[in-house]
Amino acid sequence: QAETITYSVDLGDICAAVNSDGKLVELTLHPSVVSGYTHGELADRLNLAIAALREEAEVENQARYGGALQ
């Protein structure tokens, strides 16, 4: 069942999706990300995407089960 629930985020330059187990099921990078970002900038953007995915999962978990993620 965890594989059927997904969370996704589209930052324009980075699109990512994870299932409810936290497994990354899709990651799309705009071509300019690879050539135009430094390693630090790319890491910051990826961390921002992951934080947005976690927030989405936390909001749904709280709405569904009434509590924080464990």
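None of the values given here were measured: they were computed from a predicted structure. Starting from 1, each residue takes its place in the sequence as its number.
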Novice: Given the rule that I, L, V, M, F, W and Y join up when any side-chain heavy atoms are under 4.5 Å apart, are L42 and V9 in one cluster?
Specialist: yes

Novice: Find the distance between OG1 (T28) and CG (L11) and round it off to the nearest 0.5 Å.
Specialist: 11.5 Å

Novice: Could you tell me whether E58 and R54 make a salt bridge, using a distance below 4.0 angstrom between a side-chain N and a carboxylate O?
Specialist: yes

Novice: With rounding to the nearest 0.5 angstrom, report the CG to CG distance, N19 to L53.
Specialist: 11.0 Å

Novice: To the nearest 0.5 Å, tell me how far C15 SG sits from L27 CG.
Specialist: 9.0 Å

Novice: Looking at CD1 of I14 and OH of Y37, how far apart are the two atoms once the value is rounded to the nearest 0.5 Å?
Specialist: 6.5 Å

Novice: When rounded to the nearest 0.5 angstrom, what distance separates CD1 in I5 from CD in E60?
Specialist: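 Atom-to-atom, I5:CD1 and E60:CD are 6.0 Å apart.
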
Novice: Just wondering, do D44 and L48 contact through their side chains at under 4.5 Å, heavy atoms?
Specialist: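 Result no, sub-4.5 Å side-chain heavy-atom pair not found.
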
Novice: Would R45 and V33 satisfy side chain to side chain contact (heavy atoms under 4.5 Å, CB included), going step by step from the backbone distance to the final call?
Specialist: CA-CA 9 Å; R45 293 297 287 169; V33 169; over 6 Å; no

Novice: Treat each ILVMFWY residue as a node, draw an edge where side-chain heavy atoms are under 4.5 Å apart, and state whether Y7 and L24 are in one component.
Specialist: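 Yes: a chain of side-chain contacts under 4.5 Å links Y7 to L24.
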
